[in-house]
Amino acid sequence: MNFGGVEENVVTREEFPLAKAQEVLKNETIAVIGYGVQGPGQSLNLKDNGFNVIVGQRKNSKTWDKAVADGWVPGETLFEIEEACKRATIIQYLLSDAAQIAMWPTVKKHLTAGKALYFSHGFAITYKERTGIIPPADVDVIMIAPKGSGTSLRRLFLEGRGLNSSYAVFQDATGKAWDRVIALGIGVGSGYLFETDFKREVYSDLTGERGTLMGAIQGIFAAQYQVLRENGHTPSEAFNETVEELTQSLMPLIGENGMDWMYANCSTTAQRGALDWWKPFRDATLPVFKKLYAEVAAGHEAQRSIDSNSKPDYREKLDAELREMRESEMWQAGEAVRALRPERNK
């Protein structure tokens with residue numbers, strides 16, 4: 001398929017229908033290891049699509065209880081991690097990056113010849129010298145990386161839609177790795193699948209998370225909100241002009257038909273200003289993005305994540321940082337604005 005003049009390998013649900021995916025994986029047992037960010041959405045979508053799925057999770061944990069609440073049955077479809085790995089022919093390794101490192105010795109001993117090891121992120125394999133995750137040579141190593149959260153994957157699936165995913169084959173030991181990965185991509189509810197490799201996936205993913213998807217967008221929100229407040233605008237006005245209008249009005253228009261179409265459906269004053277100012281913002285942030293990508297490519301961002309997320313007080317520090325954001329005036333104003341949306345008051 002052609003994207004902006006560049007040909008890419010893309011697989012659609014029309015080309016590889018669900019019935020074909022079910023046929024490819026009819027004799028497989030898929031163990032979803034981890035029930036945090038991606039685990040619930042992927043496992044439930046696979047189950048609803050008719051695949052043989054079990055979940056592996058630590059007993060006596062909040063996520064074990066969540067899995068039970070979602071309908072997974074202890075001893076039948078829900079097991080301790082090691083037992084699930086033993087039963088599986090495909091191990092979907094969906095623990096956090098830090099937890100993958102910690103659990104690797106347990107998982108590795110159950111990667112017998114012909115099995116498949118599945119990731120949804122290129123981190124563990126791309127930075128294998130740092131993570132120590134080096135799969136045996138006689139297993140398939142594959143990846144489906146949904147372009148969004150597991151929550152979004154599940155929500156879109158239930159709406160009869162799909163979240164786009166990238167796919168990659170790192171190691172084809174059986175000769176059927178491609179069929180396996182595409183079938184799994186269809187099974188978890190992907191809208192369409194586009195080819196990548198583990199390195200490109202993690203470089204783009206880490207850059208995106210720190211950039212326009214999360215880090216940069218919060219930074220830009222905070223800067224604009226601060227300038228408006230410093231110039232006498234109320235919290236409600238500052239939040240609406242910074243966040244609410246973007247997320248509730250303009251982003252859906254961009255998603256429908258692109259940025260130029262959104263511009264064309266705004267006032268002429270807004271069009272002129274946006275056209276005049278987008279390049280200065282690009283030029284101001286381009287050096288930051290170049291530095292960010294270089295840090296990702298050098299492995300520095302990966303090492304920071306490994307070091308930070310492996311510390312015993314990681315959760316406490318994370319909660320403190322998130323609380324600081326949540327309790328900031330901007331997001332307190334956001335909470336009040338969201339409460340006033342019409343759908344909240346029906």
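Values reported hereafter were calculated over all heavy atoms of this structure, with side chains retained and with hydrogens, waters and symmetry mates removed.
Under 3.5 Å, the side chains of Ser61 and Thr63 contain a donor-acceptor pair of N or O atoms. If you check the side chains of Glu201 and Ser166, you find no donor sitting under 3.5 Å from an acceptor. For the 3.5 Å distance criterion, the side chains of Gln42 and Ser120 qualify, holding a donor opposite an acceptor.
Across every non-hydrogen atom of Gln38 and Gly148, the tightest pair is NE2-O, 3.0 Å. Taking each heavy atom of Leu275 and Trp278 in turn, the nearest pair found is O-CD1, 3.6 Å. Across every non-hydrogen atom of Ser190 and Gly185, the tightest pair is OG-O, 2.8 Å. Smallest separation of non-hydrogen atoms from Thr247 and Met251: O-CB, 4.2 Å. Residues Asn45 and Arg154 come closest through the heavy atom pair OD1-NH1, 2.8 Å. For the residue pair Ile33 and Ala84, the shortest heavy atom distance occurs at CD1-CB, 3.9 Å.
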So Val68 and Trp64, side chain to side chain contact (heavy atoms under 4.5 Å, CB included) or not? Walk me through it.
-> CA-CA 6 Å; Val68 172; Trp64 176 279; 3.9 Å; yes
Under the salt bridge (Lys or Arg N to Asp or Glu O under 4.0 Å) rule, what do Arg87 and Glu83 come out as? Steps first, then yes or no, please.
-> CA-CA 6 Å; Arg87 291 169 176 260; Glu83 179 63 24; 2.8 Å; yes
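The hydrophobic clustering, which links ILVMFWY residues whose side-chain heavy atoms are closer than 4.5 Å, places Tyr314 and Leu322 together. Hydrophobic cluster membership differs between Ile125 and Ile142, with clusters built from Ile, Leu, Val, Met, Phe, Trp and Tyr side chains linked at under 4.5 angstrom. By the rule that hydrophobic residues join a cluster once side-chain heavy atoms approach within less than 4.5 Å of another member, Ile30 and Val37 end up as members of separate clusters. At a threshold of 4.5 Å between side-chain heavy atoms, the hydrophobic network of Ile, Leu, Val, Met, Phe, Trp and Tyr places Leu158 and Val188 in two separate groups. In the hydrophobic clustering of this structure, Leu94 does not group with Ile101; members are Ile, Leu, Val, Met, Phe, Trp, Tyr whose side-chain heavy atoms approach within less than 4.5 Å, directly or through other members.
At distances below 3.5 Å, not a single donor-acceptor pair connects side-chain atoms of Thr285 with backbone N or O atoms of Val288. At least one donor-acceptor pair under 3.5 Å links the side chain of Gln100 to the backbone N or O of Tyr93. Between the side chain of Glu80 and the backbone N or O of Gly56, no donor-acceptor pair lies under 3.5 Å. The backbone N or O of Glu316 sits nowhere less than 3.5 Å from a side-chain atom of Asp313 that would complete a donor-acceptor pair. Gln271 places a side-chain N or O within donor-acceptor distance of the main-chain N or O of Tyr263, the cut-off being under 3.5 Å. No donor-acceptor pair under 3.5 Å is formed between the side chain of Glu195 and the backbone N or O of Glu8. Within the 3.5 Å criterion, the main-chain N or O of Ala297 finds a donor-acceptor partner in the side chain of Tyr203.
Interatomic distance, Ile90 CD1 to Tyr118 OH, rounded to the nearest 0.5 Å: 9.5 Å. Taken to the nearest 0.5 Å, the CD atom of Glu295 stands 12.5 Å off from the CD atom of Gln303. Between Lys290 atom NZ and Thr207 atom OG1 the span is 13.5 Å, to the nearest 0.5 Å. One finds the CD1 atom of Ile144 at 9.0 Å from the CD atom of Gln92 (value rounded to the nearest 0.5 Å). If you take OG1 on Thr151 and CG on Leu156, they are separated by 10.5 Å, rounding to the nearest 0.5 Å. Residue Ile186 holds its CD1 atom at 5.0 Å from CG of Leu193, rounded to the nearest 0.5 Å.
Contact check for Phe119 versus Val141: side-chain heavy atoms found under the 4.5 Å cut-off. The side-chain heavy atoms of Asn49 and Phe157, taken from C-beta on, include a pair separated by under 4.5 Å. His121 is listed as a side-chain neighbour of Val202, based on a closest heavy-atom distance under 4.5 Å. For the pair Asn265 and Asn257, the minimum side-chain heavy-atom distance is 4.5 Å or more. Looking only at side-chain heavy atoms (C-beta outward), Val139 and Gln171 come within less than 4.5 Å of each other.
Between Tyr35 and Trp72, the ring-plane angle classifies as perpendicular under the 30° and 60° cut-offs. Note: Tyr192 and Phe194 have tilted aromatic rings, judged against thresholds of 30 and 60 degrees for the angle between ring planes.
If you look at Tyr127 and Phe123, their ring centroids are closer than 6.0 Å.
For residues 123-146, the set of pairs meeting the salt bridge (Lys or Arg N to Asp or Glu O under 4.0 Å) definition, not counting sequence neighbours, comprises Asp140-Arg180.
Applying the 6.0 Å contact sphere to NZ of Lys199 captures no more than 12 heavy atoms from other residues, nucleotides or ligands. Shown here is Arg315, whose CZ atom has no more than 12 heavy atoms of other residues, nucleotides or ligands within 6.0 Å. Heavy atoms of other residues, nucleotides or ligands lying less than 6.0 angstrom from CD of Glu324 number 12 at most.
A salt bridge is absent between Asp179 and Lys176; no separation between the charged side-chain nitrogens and carboxylate oxygens falls under 4.0 Å. Between Lys66 and Asp70, at least one side-chain N (NZ, or NE/NH1/NH2) sits under 4.0 Å from a carboxylate O, which counts as a salt bridge. Classification of Glu23 and Lys20 as a salt-bridged pair fails, no side-chain N sitting under 4.0 Å from a carboxylate O. Arg338 has no carboxylate O lying under 4.0 Å from a charged side-chain N of Glu335, or vice versa, which leaves the two without a salt bridge.
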What pairs of donor and acceptor atoms, side-chain ones from residues 211-221 against any protein atom, are under 3.5 angstrom apart with sequence neighbours left out?
residue : atom : partner : partner atom : Å
Gln218  : OE1  : Trp331  : NE1          : 3.1

